Amino acid sequence: GENVEQHPSTLSVQEGDSAVIKCTYSDSASNYFPWYKQELGKGPQLIIDIRSNVGEKKDQRIAVTLNKTAKHFSLHITETQPEDSAVYFCAACSTSGTYKYIFGTGTRLKVLA
Amino acid sequence: NAGVMQNPRHLVRRRGQEARLRCSPMKGHSHVYWYRQLPEEGLKFMVYLQKENIIDESGMPKERFSAEFPKEGPSILRIQQVVRGDSAAYFCASSSQSSPAQGGYGYTFGSGTRLTVV
C-alpha cells in the first residue's frame with residue numbers, strides 16, 4: 001500500500017547549523033508534498049509544500065527539494081534557531097482520487113543553544 | 001478567520017462509553033479530514049468528508065467508529081463503546097475545494113482532541 005518513510009527519527013543540531021530531513025514515498029501517483037511542524041500539545045502547522053512540477057522551493061530559511069524519479073523529497077532548514085525545535089512531518093498526497101495525506105513517522109528536531 | 005476549531009480539547013471517557021469529537025472547518029472550506037495520532041507516532045488518515053457525504057472512509061475501523069458532516073453544523077467523529085486502545089489525539093483538518101496539486105492550498109489542522117480512555 002501507500003507508504004512514506006521519514007529519516008531520521010531524531011535530530012540534534014547546534015544553533016546556527018543546518019538540519020536536513022529526508023522522506024521517500026511509494027505511490028508514484030503522488031503529486032503534492034507538504035511539510036508540517038508540530039509543537040508539543042498543538043496541531044500540525046503547514047510550513048512549506050511542493051508540487052510535482054517543481055524541483056525545489058525556498059521560503060526564507062526553509063527549503064524543500066523533490067526528486068520524482070527517485071521518489072525522494074527533503075526539508076532543509078538553515079541557520080537553525082531554538083524555536084525550530086519541534087516534530088516535523090512530511091506527507092505525500094495523490095490528487096487523482098481523494099486528497100488524503102500519507103504522513104511520515106516524524107522527526108524530532110532539537111536545536112541546542 | 002478563527003481557523004479549524006475542535007472541541008473538546010481534552011476528553012476522558014470510561015471504557016464502554018461514547019466519545020463525540022467536533023470539528024468546525026475554516027470558513028469557506030468544504031472538505032474535512034480526520035486523522036488519528038498515537039503517542040510518538042505519525043498521523044493516520046481515518047476519513048474524508050464533504051457536506052452530507054462520506055468520500056473516503058478507508059482508514060476508519062469498521063466497527064464502533066462513525067463520522068458525519070451535516071449540511072449545518074460541525075463535523076462529528078463518534079466512537080462508541082470506547083476501549084483503551086482508542087486513547088489518542090484526533091485531529092481534524094479542512095481544505096478548500098481546489099486540489100492542492102493544482103494550486104489550491106493544503107490542509108489546515110485544528111489543535112486536536114486528546115481522548116483518554118480509563
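Chain A is the first sequence line, chain B the second, and so forth, proteins listed ahead of strands; every chain is numbered from 1. Computed from a prediction, not measured in an experiment: that's the story for all the values here.
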In this structure, are over 12 heavy atoms from other groups packed under 6.0 Å from B/Gln50 atom CD? yes
Heavy-atom cut-off 4.5 Å, strictly under: side chain, backbone, both or neither for A/Gln6 against chain B? neither
Output for pair (B/Lys44 NZ, A/Ile102 CD1), nearest 0.5 Å, gives 8.5 Å
For the atom pair NZ (A/Lys100) and OH (B/Tyr48), what is the distance rounded to the nearest 0.5 Å? 12.0 Å
What is the distance from atom CG of B/Leu43 to atom OH of A/Tyr36, rounded to the nearest 0.5 Å? 9.5 Å
Hydrophobic clusters here meaning ILVMFWY residues chained together by side-chain heavy-atom distances under 4.5 Å, can you tell me if A/Ile47 and A/Phe73 are in one? yes
Tell me whether the count of non-hydrogen atoms from other residues, nucleotides or ligands lying under 6.0 Å of CZ in A/Arg108 goes above 12. no
Please determine whether the number of non-hydrogen atoms from other residues, nucleotides or ligands lying under 6.0 Å from atom CZ of B/Arg15 exceeds 12. no
Heavy-atom distances under 4.5 Å only: say whether B/Gln37 touches chain A with side chain, backbone, both or neither. side chain
Side chain, backbone, both or neither: which part of A/Pro44 has a non-hydrogen atom closer than 4.5 Å to chain B? both
When you look at B/Tyr33 and A/Tyr101, which way does the side-chain contact (heavy atoms from CB on, under 4.5 Å) test go after all the steps? CA-CA 10 Å; B/Tyr33 309 80; A/Tyr101 292 3; over 6 Å; no
Can you tell me how far apart CZ (B/Phe91) and NZ (A/Lys42) are? Round to the nearest 0.5 Å. 12.0 Å
As an exercise, state the distance from CG of A/Leu46 to OH of B/Tyr107, rounded to the nearest 0.5 Å. 12.0 Å
If Ile, Leu, Val, Met, Phe, Trp and Tyr residues are connected whenever their side-chain heavy atoms lie under 4.5 Å apart, and connections chain through other members, are A/Tyr25 and A/Ile21 in the same group? yes
Shared ILVMFWY cluster between B/Leu49 and B/Val4, side chains joined below 4.5 angstrom? no
I'd like to verify something: which residue of A/Gly106, A/Gly41, A/Gly104 has the highest number of heavy-atom pairs under 4.5 Å with chain B? A/Gly41
Could you check, using the six-membered ring where one of them is a Trp, whether A/Phe103 and B/Phe45 have ring centers closer than 6.0 angstrom? no
Spatial distance of atom CD (A/Gln45) from atom OG1 (B/Thr108) [nearest 0.5 Å]: 9.5 Å
Counting a contact as any heavy-atom pair under 4.5 Å apart, which residues of residues 52-89 of chain B contact chain A? B/Ile55, B/Asp56, B/Ser58
Enclosure of A/Lys22 NZ (heavy-atom neighbours >12, cutoff 6.0 Å): no
Hey, quick one: are A/Leu75 and A/Val13 part of the same hydrophobic cluster, counting side-chain heavy atoms closer than 4.5 Å, chains of contacts allowed? yes
Examine A/Val111 and A/Leu11 and state if one hydrophobic cluster contains both, with Ile, Leu, Val, Met, Phe, Trp and Tyr joined whenever side-chain heavy atoms are less than 4.5 Å apart. yes
